[in-house]
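Working notes for the structure below.
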Amino acid sequence: MILGADSLEKESPALLTTCGGIEFRNPVLTASGTFGYGQEFDALISLRGLGGLVTKGISPEPRFGNPPPRICETAAGMLNSIGLENVGVEAFAREKLPFLRSCGTRVLVNFFGTTFDEYVDCGARLAALDGVDGLEMNVSCPNIQAGGIEFGRDPLVLGGLVKACRAVVRKPLWVKLTPNTSDIVALARACADNGADAVSIINTITGMAIDVRTRRPKIATVFGGLSGPAIKPVALRMVYQVYRAQIPIAICGIGGIQDGNDAIEFLLAGASCVQVGTQSFIDPASAERIIREIEEYCRAQGVTDVRELVGGLALGQ
Amino acid sequence: MILGADSLEKESPALLTTCGGIEFRNPVLTASGTFGYGQEFDALISLRGLGGLVTKGISPEPRFGNPPPRICETAAGMLNSIGLENVGVEAFAREKLPFLRSCGTRVLVNFFGTTFDEYVDCGARLAALDGVDGLEMNVSCPNIQAGGIEFGRDPLVLGGLVKACRAVVRKPLWVKLTPNTSDIVALARACADNGADAVSIINTITGMAIDVRTRRPKIATVFGGLSGPAIKPVALRMVYQVYRAQIPIAICGIGGIQDGNDAIEFLLAGASCVQVGTQSFIDPASAERIIREIEEYCRAQGVTDVRELVGGLALGQ
Amino acid sequence: MRYFDARVIENRSLGGGYFVLRLGGCEPLAGSRPGQFIMLRGDWGRDPLLPRPLSLLSVAHEGRADLLAKVVGKGTALMERSPPGSRVSVLGPLGNSFPAPSADVTDLLVAGGVGLPPLFMQAESAAHLGLANGSEMLYGGRTSRDLVLLGEIRGFGIALRLATEDGSLGRRGRVTDELEARLDRGRAAASAQPLRIMACGPRQMLWAVGRIAQSHGIDCYLSLEEQMACGIGVCLGCAVAAQTRPYRYVCKDGPVFPASEVMAHVSVASTSQSRGGAQ
Amino acid sequence: MRYFDARVIENRSLGGGYFVLRLGGCEPLAGSRPGQFIMLRGDWGRDPLLPRPLSLLSVAHEGRADLLAKVVGKGTALMERSPPGSRVSVLGPLGNSFPAPSADVTDLLVAGGVGLPPLFMQAESAAHLGLANGSEMLYGGRTSRDLVLLGEIRGFGIALRLATEDGSLGRRGRVTDELEARLDRGRAAASAQPLRIMACGPRQMLWAVGRIAQSHGIDCYLSLEEQMACGIGVCLGCAVAAQTRPYRYVCKDGPVFPASEVMAHVSVASTSQSRGGAQ
Ligand SMILES: Cc1cc2nc3c(=O)[nH]c(=O)nc-3n(C[C@H](O)[C@H](O)[C@H](O)COP(=O)(O)OP(=O)(O)OC[C@H]3O[C@@H](n4cnc5c(N)ncnc54)[C@H](O)[C@@H]3O)c2cc1C
Ligand SMILES: Cc1cc2nc3c(=O)[nH]c(=O)nc-3n(C[C@H](O)[C@H](O)[C@H](O)COP(=O)(O)OP(=O)(O)OC[C@H]3O[C@@H](n4cnc5c(N)ncnc54)[C@H](O)[C@@H]3O)c2cc1C
Ligand SMILES: Cc1cc2nc3c(=O)[nH]c(=O)nc-3n(C[C@H](O)[C@H](O)[C@H](O)COP(=O)(O)O)c2cc1C
Ligand SMILES: Cc1cc2nc3c(=O)[nH]c(=O)nc-3n(C[C@H](O)[C@H](O)[C@H](O)COP(=O)(O)O)c2cc1C
Ligand code: FES
Ligand code: FES
């Protein structure tokens with residue numbers, strides 16, 4: 001179950017892929033908020049074996065996050081309400097980036113703001129940093145200037161935000177969509193129309209749990225984000241909806257991926273690459289295992305280039 | 001684990017409750033599509049011990065449903081795409097209702113149409129039938145006159161539909177909301193504003209799964225509805241959002257309920273009663289067990305009237 | 001049909017992933033007929049979530065019931081590891097059965113791999129009725145490891161012909177080759193008794209058996225499998241395309257169907273249509 | 001810190017839901033210190049999903065590690081039923097530890113119920129260092145069934161005082177009553193050695209111990225628990241309110257904290273605020 005790290009060190013040409021303007025050694029990245037700033041996993045897996053990693057979401061200033069309890073387990077999933085805690089751009093550049101620069105894999109920096117200007121400011125500063133291969137905008141944040149409604153919920157607001165960030169970000173710009181929507185396609189279109197390079201689908205689904213003994217919410221902020229295997233069917237559906245709509249934008253699939261087969265489902269549904277989130281808590285070496293399992297699948301199915309799988313869902317007779 | 005049926009025959013006054021204009025022996029109903037037309041469970045549990053049951057969705061004419069495969073299992077959940085197969089109003093009245101009339105529990109009939117007129121027609125005919133205690137409108141159906149978009153997704157369309165049905169239905173009228181929305185509160189408000197007696201929250205969440213060996217969707221229609229414990233955090237969140245918004249309408253909570261504690265979470269979040277769906281497949285006697293577990297909880301917590309629990313979520317210090 | 005708790009009293013591995021689970025406390029299954037099945041669930045939390053359909057292999061006195069299963073995924077893997085004493089919940093007996101053995105017909109029982117149980121039970125029932133010489137079993141698998149319980153089958157006193165794809169036991173080839181050979185021999189011998197075919201196994205094998213029966217004009221019964229959630233006709237998940245109406249349900253109309261009823265729609269049954277996914 | 005597969009080599013029930021799990025193959029845990037913990041997960045599918053944090057009870061030669069746990073939910077129930085031979089995955093050793101025993105201080109080890117393991121290991125370590133007479137353990141539980149491994153603790157040669165709420169063993173009352181009594185006696189005797197308190201147990205007990213220590217001006221270390229997902233500081237789930245900055249993390253800043261650092265914010269730590277749930 002647990003892998004020797006070196007087996008993945010040698011590059012496997014069949015797994016090389018491209019997504020949203022970035023070339024990856026293989027289609028498996030680790031998801032924002034579940035892989036720290038990379039260094040924490042250095043002792044556990046071979047970072048250079050990864051397709052890439054996405055950092056915890058960064059904001060212009062440091063943030064301390066929400067009061068505890070912040071997480072709880074649910075059926076095949078978990079809720080979190082960390083509160084976007086992070087070290088801020090400055091400390092990130094100073095303390096976290098040097099390690100990331102030398103870790104041998106692609107680095108995407110997830111970022112956000114609480115106002116339009118904060119997004120633009122943060123995006124511009126991060127894009128200017130050496131060692132950052134691309135940015136992923138987390139738009140599931142409350143817009144404090146608009147009554148706390150998430151930026152990413154309204155295609156118009158989202159489009160404007162993407163456009164403004166695009167203007168200052170010369171590096172690949174991905175947008176991570178919220179699943180708390182009735183129309184994921186409209187959100188993806190707003191990103192494509194405004195120059196984003198890829199959409200990451202999906203962020204967590206808003207959920208809730210109650211401790212019946214105390215009658216209190218299980219997480220202090222009442223609502224939290226649901227992640228893990230429970231959400232995979234929803235994530236996969238949204239990836240496929242966007243792919244099927246033929247929007248000219250690459251897709252990175254996220255949600256409940258536990259093994260190679262799960263990852264391949266996302267590729268078949270139309271994702272060019274995937275991110276592994278909660279599974280890194282369950283099995284810290286899983287990203288490595290998943291890469292090997294994809295490789296085995298390709299070998300067994302006679303797939304010589306993993307990109308052949310993208311959108312390869314078989315329909316009809 | 002499996003109960004002697006009679007233990008529930010005697011009425012337990014502490015569990016009596018009211019929801020959407022109907023009085024129930026206890027707050028546990030069985031959900032549409034997971035309990036057939038009641039008779040199938042007669043040999044397995046005491047139907048008169050139930051709070052009530054909701055029938056499979058009925059349409060004006062019989063429907064044959066979707067091609068197989070129609071279901072598949074997912075992490076802590078399942079997808080279904082039955083295709084709203086049912087016997088139609090006529091056969092329902094003739095073949096199914098006589099049993100239901102005598103089964104000793106409340107009977108809600110779930111119904112739908114594919115056009116505005118079908119809904120109104122079906123609602124009127126069902127409401128006229130003796131033995132029907134109330135109606136539950138399933139609005140997660142494609143509107144064939146509006147390009148296949150679900151009736152229940154747009155608050156305006158939904159409001160109009162509820163109003164039209166309300167005009168012909170003199171019995172309690174509940175509306176079952178779709179979770180595939182970014183604003184469950186707006187949907188609930190549209191129902192309240194147009195005279196519905198209760199909202200049932202939630203129907204299944206649209207999802208998808210792929211068989212990686214064959215590269216085909218695991219269910220023939222590609223998309224299906226996700227149900228089971230996986231969706232409970234989302235369902236609970238939506239119930240609480242609607243409750244918190246103080247919309248003057250009763251709530252029936254549905255989604256992933258497996259045991260008494262799950263049911264109580266929904267009550268605390270603001271539901272007056274709950275429905276047990278997928279769990280009846282996992283454990284056909286579960287509704288009975290859940291009633292007993294609620295009773296035990298009330299006893300242990302000194303709750304003399306189950307209605308005290310409704311909306312009893314503890315917030316703040 | 002009842003829903004009850006039972007207990008594993010023996011769990012015998014047969015190699016190759018096959019195992020026989022002997023349950024105690026299955027009094028409600030008394031009188032079950034060959035072809036009927038149960039929905040079985042162990043005490044394993046939410047993974048997997050749904051109970052698993054398993055055909056009855058044999059039902060004996062004092063609440064004993066035997067099942068034969070093969071490890072193909074999580075549920076069967078957990079069953080295979082259940083030690084004696086494990087609690088399981090059982091819903092059954094469910095579904096219909098094969099026609100009873102009769103002195104007027106010769107039954108060809110065609111089993112493919114783990115499709116054996118209903119035909120094993122049918123053979124057992126023929127033996128009990130003293131009709132063993134009116135039944136023949138044709139049993140095929142990929143290798144000799146897929147042919148199990150041969151001693152027990154022989155013990156019923158029925159004729160048994162084996163086929164393996166790799167030739168490691170019996171005829172090299174498919175069980176349908178064996179079936180065609182048997183029918184050709186039968187035609188040559190112009191046997192007096194009319195024939196009946198009963199089959200259970202992989203979908204492709206069943207359609208092949210159905211076609212062979214059709215082309216020989218022989219009555220044929222197929223025991224089908226489909227994904228199931230409830231086992232009692234309420235979820236409508238186990239639909240199969242059929243002749244008489246658009247769909248029939250494996251759990252309540254089957255699992256045994258006259259081949260003529262389900263064969264005509266074979267192609268429909270495997271059609272994938274891209275429509276909305278309303279329930 | 002390493003991530004590796006281990007194996008249950010013994011699973012000893014102590015009654016009352018308590019059990020000692022002995023793992024083999026834990027060479028990477030060699031050198032772990034009292035207070036450190038591991039994230040443990042069995043081979044049980046997706047239910048429960050996350051690994052469970054458990055303190056180390058004892059780490060011996062040849063890759064042996066002992067854990068003491070109590071059944072409170074699904075994860076611990078599955079552990080309790082794991083037979084020898086079961087595979088588990090282990091991430092550890094994690095977190096910080098109690099200060100090492102020293103010849104210059106007397107350590108009062110205050111354990112409540114299943115909070116015993118880190119203090120047991122601390123006592124073991126004191127014994128190994130020949131400092132057993134500089135440690136005293138105060139160990140409380142609801143009934144005598146909650147006080148386990150007493151023979152082993154006595155074997156370390158440290159003083160042991162017990163308390164149960166129902167009076168079934170040792171003093172009737174809480175372990176904090178025992179602690180106050182000990183401190184009063186100490187004051188009366190005006191003992192030369194300075195005291196240090198180390199405690200692990202239920203949250204309410206820890207705050208009470210912290211307050212007592214504060215009022216006596218004694219150094220105090222508390223081992224905290226919080227819901228955990230990762231155990232290595234990346235999920236930021238295990239936050240506790242603290243003095244020095246808004247939050248500290250049980251898994252990487254703890255689990256052992258100077259009481260002064262976490263006490264001031266006790267009320268903040270239990271505040272529920274109704275805000276949006278962004279990560
Ligand atoms: C009426 C009936 C009687 C059956 N009798 C027996 C029996 O006596 N012995 C026996 O071993 N099996 C029998 N089966 C099949 C058995 O139910 C499945 O093998 C089992 O449900 C698989 O569960 P799993 O968790 O091990 O595999 P899963 O993890 O659910 O699936 C593993 C793989 O098997 C496939 N699969 C799962 N279920 C089925 C199915 N029902 N049909 C075809 N492919 C499937 C999946 O697509 C997947 O590829 C019967 C099925 C039916 C419907
Ligand atoms: C650093 C650390 C060290 C620990 N060391 C030990 C140990 O040595 N031995 C031991 O038995 N336990 C220890 N625990 C507690 C142990 O992790 C929990 O009892 C366990 O995770 C419960 O899992 P479960 O699946 O059995 O219960 P669940 O089903 O997850 O929960 C059952 C009940 O316990 C509550 N609960 C769950 N986890 C915790 C928790 N972490 N703290 C408080 N309440 C909780 C839940 O809210 C629920 O009411 C430790 C916890 C931490 C954080
Ligand atoms: C504890 C935790 C923290 C997260 N933090 C972030 C974050 O800072 N920014 C972000 O865009 N997504 C964040 N996510 C969302 C994940 O990156 C991912 O989209 C989600 O968890 C679904 O994938 P999974 O099911 O594989 O976990 C977080 C998720 C978890 C569980
Ligand atoms: C097989 C199946 C069929 C269903 N059919 C209907 C239906 O006809 N009408 C309806 O309103 N809901 C239908 N539902 C939705 C359920 O009533 C319920 O809202 C949903 O399953 C969530 O609850 P659960 O998680 O407890 O199953 C169906 C669900 C399942 C699993
Ligand atoms: S399995 Fe539910 S209808 Fe057949
Ligand atoms: S458990 Fe993840 S940060 Fe502590």
Side-chain angles (χ1 to χ4, degrees), chain A residues 72 74-79 150 153-154 178-183 205-218 222-224 226 228-241 244 256 258 260-269 297 300-301 309 312-316, chain B residues 72 74-79 150 153-154 178-183 205-218 222-224 226 228-241 244 256 258 260-269 297 300-301 309 312-316:
Chain A
C72 76
T74 65
M78 62 177 281
L79 290 169
E150 287 174 9
R153 247 186 224 190
D154 179 333
T178 173
N180 300 306
T181 176
S182 54
D183 193 350
I205 306 180
T206 307
M208 170 176 173
I210 300 174
D211 180 331
V212 297
R213 209 178 39 79
T214 61
R215 304 189 192 175
R216 293 185 169 282
K218 282 198 180 172
V222 184
F223 298 138
L226 183 64
I231 69 170
K232 197 189 77 176
V234 179
L236 198 65
R237 180 258 295 182
M238 291 187 165
V239 165
Y240 181 62
Q241 284 179 316
R244 192 179 59 164
Q258 296 203 285
N261 283 349
D262 293 336
I264 287 158
E265 284 188 74
F266 278 93
L267 301 180
L268 292 171
Y297 173 90
Q301 292 245 333
L309 294 174
L313 180 69
L315 294 170
Chain B
C72 76
T74 65
M78 63 177 281
L79 290 170
E150 288 174 8
R153 247 187 225 189
D154 180 332
T178 172
N180 300 306
T181 175
S182 55
D183 193 351
I205 307 180
T206 307
M208 171 177 173
I210 300 174
D211 180 330
V212 297
R213 209 178 39 78
T214 62
R215 303 190 194 176
R216 293 185 169 280
K218 283 198 179 172
V222 184
F223 299 138
L226 183 63
I231 69 170
K232 197 189 78 176
V234 179
L236 198 66
R237 180 259 295 183
M238 290 187 166
V239 166
Y240 181 61
Q241 283 180 316
R244 192 179 59 165
Q258 297 203 285
N261 284 349
D262 292 336
I264 287 158
E265 284 189 74
F266 278 94
L267 301 181
L268 293 171
Y297 174 90
Q301 291 245 335
L309 294 174
L313 181 69
L315 292 171

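All heavy atoms count here, side chains included; hydrogens, waters and symmetry mates do not. To find a chain, count down the sequence lines: A is the first, B the second, and so on, and within it residues start at 1.
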Proximity breakdown for B/T214 and chain A, heavy-atom pairs closer than 4.5 Å: backbone
Residue, of A/D183, A/L268, A/V239, that accumulates the most heavy atom pairs under 4.5 Å with chain B: A/L268
When B/V234, B/T178, B/I210, B/N261 are compared by non-hydrogen pairs under 4.5 Å with chain A, the top option: B/I210
Those residues that, when tested against B/R213, pass side chain to side chain contact (heavy atoms under 4.5 Å, CB included) (two or more places apart): A/Q301, B/D211
Closest approach of B/P217 to A/A314 (non-hydrogen atoms, all atoms of both residues): CD-O, 3.2 Å
Side chain to side chain contact (heavy atoms under 4.5 Å, CB included) partners for B/A209, two or more places apart: A/E265, B/C72, B/L79, B/K218
Atom pair CE/CG of A/M238 and B/N180 - distance to nearest 0.5 Å: 7.5 Å
Leading residue by heavy atom contact count with chain B [cutoff under 4.5 Å; candidates A/G207, A/P233, A/G312]: A/P233
Part of B/A300 lying under 4.5 Å from any heavy atom of chain A: neither
Chain B contact via A/L309 - side chain, backbone, both or neither, heavy atoms under 4.5 Å: side chain
From A/L236 atom CG to B/L226 atom CG, the distance as rounded to the nearest 0.5 Å: 11.5 Å
Side-chain donor or acceptor of B/Y297 paired with backbone N/O of A/V212 under 3.5 Å: yes
Pairwise side-chain contact, A/I205 with B/R237, heavy-atom cut-off 4.5 Å (strictly under): yes
Proximity breakdown for B/L313 and chain A, heavy-atom pairs closer than 4.5 Å: both
Contact summary for B/A269 and A/M208, nearest pair of heavy atoms: CB-CE, 4.5 Å
Engaged part of B/T74 at the chain A interface, taking heavy atoms whose separation is under 4.5 Å: side chain
